[in-house]
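Below is one structure; the comments refer to it alone.
What you see is a predicted model; the values in this text were computed from it and never measured. Numbered from 1 within each chain, the chains take letters A, B, ... in sequence-line order.
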Protein chains: 2
Amino acid sequence: MLGIGQLSAETGTKVPTIRYYEDIGLLPEPERTVGNQRRYGQQQVDRLRFIRHCRDMGFPLADVRALLDLSDDPERSCASADTIARHQLQEVERRLASLASLRQELCRMIDQCAGGTVADCRVIESLADHAHCIADRHTTPAPTEQHVEPTRRDPA
Amino acid sequence: MLGIGQLSAETGTKVPTIRYYEDIGLLPEPERTVGNQRRYGQQQVDRLRFIRHCRDMGFPLADVRALLDLSDDPERSCASADTIARHQLQEVERRLASLASLRQELCRMIDQCAGGTVADCRVIESLADHAHCIADRHTTPAPTEQHVEPTRRDPA
DNA sequence: CCTTGAACCTCTAGTTACTGGAGATCCCAT
DNA sequence: ATGGGATCTCCAGTAACTAGAGGTTCAAGG
């Protein structure tokens, strides 16, 4: 049986995060010592690792929850798991595309900056230059997108 | 002079967002009608467009604030604008790289799923399979990274 | 056996960048 | 004068944690 600190070290999850997962019902309430401290068994360790791996893959917690439900019931068809994963892949590809074009614009911006004062700085100027994005904006009613992936830690 | 709704339409910014920018001091308090309603002039329109464009480029609001300060004072050197932009570019490239590898893993996961029940689903299995990420985790103390870009709306 | 200090407990509040709703008020056209 | 849409303020909620205060508990050393 591990204490919360050990579980934290074992899975690379911060202690408050573990308690947070418990709060929102992703992790079941663990056993406690007489002194009210949490003790975790192997099952919990595995479950938390599953969660973390999902998060590393960019799945939002709602998806993680769905995937956990699925994995809790091995008899069910895995079709939904597949669907969730495919959806996530699409999401990732969408983001890749948008980041790529963003990169381009940033590069262009930076390349054009010759130094000097703000008055003739291309970076500022091209940020102030908006014609195209306004046009885009008005031609596309834009189904507002919300979800963002947290890149929660930096394994660099 | 525009009302807040017109400004909203003009810049593709939701009305509450405009008020929010005012609250946090990105937009100055506008004039008001006798009836206490906001009226905006061209300057404000430009400023809001600048902000939106920055946001579209993925700059966090703190950076937007810095860029606005710079553009308010055209005599200053544009070096800091350049620095901010370069930093943002790095950030974007970091994210691109991480998304690309994520994409790979998702693809691999999905390709291996042959259907059937959860018991032999590769998606679930490979999410449960954690050996490598744990290893990674322990070799890199990881300066926890925080900031996340919100991709605030979807011009797709 | 007792003490000390690290690890643990709960609870609250803060982060980023908005978004949504309630309930009241205003503006403009008919 | 009136009706309805736009606007006002304020409060709360979103995702996914993170941080701090102030108080216990555990394990090792003396």
Under 4.0 Å between a Lys/Arg side-chain N and an Asp/Glu carboxylate O for A/Glu31 and A/Arg38? no
Any side-chain N or O of A/Tyr21 under 4.0 Å from OP1/OP2 of D/dC17? yes
Starting from C1' on D/dC17, measure out to CD on A/Glu22 and report it in whole angstrom. 15 Å
In this structure, how many angstroms lie between the P atom of D/dT18 and the CD1 atom of A/Ile18, rounded? 11 Å
Salt bridge or not between B/Glu10 and B/Arg49? Use side-chain N to carboxylate O under 4.0 Å. yes
Would you call B/Arg94-B/Glu91 a salt bridge at under 4.0 Å N-O? yes
Measure from CG on A/Asp23 to C1' on D/dA15 and round the result to the nearest Å. 15 Å
Test B/Leu27 against B/Ile51 for side chain to side chain contact (heavy atoms under 4.5 Å, CB included), laying out the working first. CA-CA 9 Å; B/Leu27 288 173; B/Ile51 295 172; 4.0 Å; yes
Which residues in residues 61-69 of chain A have a heavy atom closer than 4.0 Å to any atom of DNA chain D? A/Leu61
I'd like to know if A/Asp72 and A/Arg47 make a salt bridge, using a cut-off of under 4.0 Å between side-chain N and carboxylate O. yes
Between A/Pro16 and A/Val34, who's closer to the 5' end of DNA chain D by nearest nucleotide? A/Pro16
Would you indicate, yes or no, if C/dC27 has its OP1 or OP2 atom less than 4.0 angstrom from a side-chain nitrogen or oxygen of B/Thr33? yes
Pick one: which of B/Thr13, B/Thr17, B/Thr11 meets side chain to side chain donor-acceptor pair (under 3.5 Å) with B/Arg52? B/Thr13
Can you find a heavy atom in the side chain of A/Gln44 that is under 4.5 Å from one in the side chain of A/Pro28? yes
Under 6.0 Å from the CD atom of B/Gln104, do we count more than 12 heavy atoms belonging to anything else shown? no
Under 4.0 Å from OP1 or OP2 of C/dC18: is there any side-chain N or O of B/Lys14 that close? no
Can you tell me the distance, in whole Å, between the CG atom of B/Leu2 and the C1' atom of C/dC27? 16 Å
What integer distance in Å separates B/Ile51:CD1 from C/dC18:C1'? 14 Å
Atom-to-atom span, OH of B/Tyr20 to P of C/dT15 - whole angstrom: 10 Å
Any carboxylate oxygen within less than 4.0 angstrom of a Lys/Arg side-chain nitrogen, looking at A/Asp69 and A/Arg65? no
Under 4.0 Å: is that the gap between some side-chain N or O of B/Thr17 and OP1 or OP2 of C/dA17? no
What does the B/S/- profile of nucleotides 8-14 of chain C look like, 5' to 3', with a 4.0 Å heavy-atom cutoff to protein? SSB----
